[in-house]
Amino acid sequence: MEDSFKHKGMRQQLVATVKDKGIKDEAVLKAIGNIPRHLFMDSGFIDHAYQDKAFPIAAGQTISQPYTVAFQTELLQVKKGSKILEIGTGSGYQAAVLVEMGAKVYTIERQQELFKITQKFLPKIGYRPKKQIFGDGYKGLPEEAPFDGIIVTAGAPFVPKPLLSQLKIGGRLVIPVGEDSQIMTLYERTSAQNFTKTEFGEFRFVPLLANKN
Ligand code: SAH
């Protein structure tokens, strides 16, 4: 569990890369600069940890590309104390970025193997979400709603209705929508009944899958 001088140096390079690609939110950049991403990957892959690339983790899933994490997090407009729901805990890296930014994080994962690994790992390295849940993200988390922000980190074939209904007025849902590739989409709740929708660029995610049951 070492975080060496070399790792820290590589991390500053990564921050510079992500900034060059257009990320402006200083809190996002600071979080990427602080979080030891190499600890979220198998030790054999440490050389890949600070490249701006997605990478395989357990259970056939991936840790998102740092730029993608930064892009989605910037769209969420996270403030200290924001209540954020993440769908797709995966390696826990995105959750750690949100915790580092001072958000109250609730995160859901449907793969039991990953859920178990990440549930132990995040507290061990000092990043404590409010709740890590084993379950189906299509349903959101009604018992903790409403949220300031909801971030979906898998490709959604459609926008699950429960996620829209679990936003506060003024809340933001950031969701990549599409089958083979996805359009990053932001929904802002402007009133109980109304949402605005803004589309951003194309991304590629592993699919948001229906529940195993
Ligand atoms: N945020 C993660 C990215 C993980 S990839 C990270 O920072 O590493 C997307 C994750 O979404 C995978 O772990 C996958 O198992 C999970 N997933 C897919 N469908 C899901 C669903 N319906 N509910 C919750 N998680 C889901």
Side-chain angles (χ1 to χ4, degrees), residues 14 18 28 31-32 34-42 45 48-76 78 84-101 103 105-122 125 127-129 131-142 144-145 147 149-164 166 173-182 184 203-213:
L14 176 62
V18 167
V28 173
I32 289 174
N34 284 341
I35 298 171
R37 188 169 185 261
H38 62 281
L39 300 182
F40 292 74
M41 298 158 118
D42 290 346
F45 300 124
H48 297 268
Y50 296 109
Q51 293 174 10
D52 188 24
K53 286 188 180 152
F55 209 76
I57 53 171
Q61 300 303 315
T62 56
I63 178 170
S64 300
Q65 182 181 345
Y67 172 71
T68 305
V69 172
F71 191 86
Q72 288 196 277
T73 310
E74 186 166 77
L75 281 182
L76 267 184
V78 180
I84 306 286
L85 174 65
E86 179 194 25
I87 311 297
T89 314
S91 70
Y93 181 74
Q94 171 73 69
V97 168
L98 295 167
V99 170
E100 174 81 20
M101 292 172 76
V105 181
Y106 299 77
T107 181
I108 307 181
E109 173 56 54
R110 76 180 272 287
Q111 284 268 7
Q112 190 156 31
E113 181 189 351
L114 278 175
F115 166 75
K116 283 186 175 160
I117 295 170
T118 309
Q119 195 188 28
K120 281 212 185 103
F121 172 70
L122 280 177
I125 61 163
Y127 293 101
R128 288 185 181 76
K131 272 193 191 163
Q132 288 185 239
I133 299 112
F134 172 57
D136 178 14
Y138 274 96
K139 301 191 179 92
L141 196 61
E144 297 289 350
F147 296 95
I150 302 179
I151 175 171
V152 180
T153 68
F158 59 90
V159 181
K161 286 254 163 61
L163 301 186
L164 288 170
Q166 289 172 28
L173 167 64
V174 177
I175 180 166
V177 186
E179 306 264 356
D180 295 333
S181 71
Q182 293 83 30
M184 193 62 74
F203 290 80
R204 264 174 207 279
F205 286 82
V206 295
L208 185 69
L209 297 171
N211 207 355
K212 282 181 163 173
N213 304 325

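Atoms within a ligand are numbered from 1 in the order they appear, just like the ligands themselves. What you see is a predicted model; the values in this text were computed from it and never measured. We number each residue from 1, following the sequence as shown.
Looking at heavy atoms from C-beta onward, Ile57 lies out of side-chain contact with Ile117 at the 4.5 angstrom threshold. Residues Arg110 and Asp136 are not in side-chain contact: their nearest non-hydrogen atoms beyond the backbone lie 4.5 Å or more apart. Contact annotation: the side chain of Pro160 approaches that of Ile175 to within less than 4.5 Å [non-hydrogen atoms, C-beta and beyond].
Within the 4.0 Å heavy-atom cutoff, Ala96 does not count among the residues contacting ligand 1.
One distance of note links CG of Leu208 with CD of Gln182; it measures 10.0 Å at 0.5 Å rounding.
Below 30°, between 30° and 60°, or above 60°: for Phe147 and Tyr106 the angle between ring planes is above 60°, a perpendicular geometry.
Gln94 pairs with exactly one of Thr89, Thr73, Thr107 by the side-chain hydrogen bond (donor to acceptor under 3.5 Å, both in side chains) rule, that one being Thr73.
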Steps toward ring pair (Phe, Tyr, Trp, His ring centres under 6.0 Å) verdict (Tyr127, Tyr93): CA-CA 10 Å; Tyr127 293 101; Tyr93 181 74; 9.1 Å; no

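Counting only non-hydrogen atoms, the option in Gln112, Lys139, Glu109 that gets closest to atom 13 (O) of ligand 1 is Glu109. Summarising the contacts of atom 10 (C) of ligand 1 with Ala156, Gly88, Ala58, Ser64, the nearest heavy atom is found in Gly88. Within the set Pro160, Ser91, Gly60, the minimum heavy-atom distance to atom 8 (O) of ligand 1 is found for Ser91. Taking only non-hydrogen atoms, the option from Arg37, Arg110, Glu113, Gln65 nearest to atom 24 (C) of ligand 1 is Arg110.
Contact annotation: for Val206 versus ligand 1, heavy atoms closer than 4.0 Å belong to the side chain alone. Here Ala95 has no heavy atoms under 4.0 Å from ligand 1, in either its backbone or its side chain. Counting heavy atoms closer than 4.0 Å to ligand 1, residue Thr89 contributes backbone atoms (N, CA, C, O) but none from C-beta onward.
Taking the side chain to side chain contact (heavy atoms under 4.5 Å, CB included) definition, one finds that Ala31 meets it with Ile35, Val97, Glu100, Met101, sequence neighbours left out.
Taking the centre of each ring, Phe40 and Phe121 come in below the 6.0 Å mark.
For Ser64 (side chain) and Val69 (main-chain N/O), no donor-acceptor pair under 3.5 Å exists by modelled atom type.
Between Leu209 and ligand 1, a contact under 3.5 Å exists for at least one N or O pair. For Gly137, a nitrogen or oxygen atom sits less than 3.5 Å from a nitrogen or oxygen atom of ligand 1, counting backbone and side chain alike. For a threshold of 3.5 Å applied to N or O pairs, the pair formed by Thr153 and ligand 1 contains at least one separation below that value. Residue Gln111 has no nitrogen or oxygen atom sitting less than 3.5 Å from a nitrogen or oxygen atom of ligand 1, judged on distance alone.
Less than 4.0 angstrom separates some heavy atom of Ile108 from each of these atoms of ligand 1: 24 (C), 25 (N). When each atom of ligand 1 is checked for a heavy atom of Leu114 under 4.0 Å away, the hits are 13 (O). Near Pro207, the atoms of ligand 1 lying under 4.0 angstrom from a non-hydrogen atom of the residue are 18 (C), 19 (N). Of all atoms in ligand 1, listed by their number and element, those nearer than 4.0 Å to a heavy atom of Thr62 are 3 (C), 4 (C), 5 (S), 8 (O). Contact atoms of ligand 1 toward Gln94: 1 (N), 7 (O) (distance under 4.0 Å to a heavy atom of the residue).
Judged as a salt bridge (Lys or Arg N to Asp or Glu O under 4.0 Å), not a single pair has a partner in residues 150-159 (not counting sequence neighbours).
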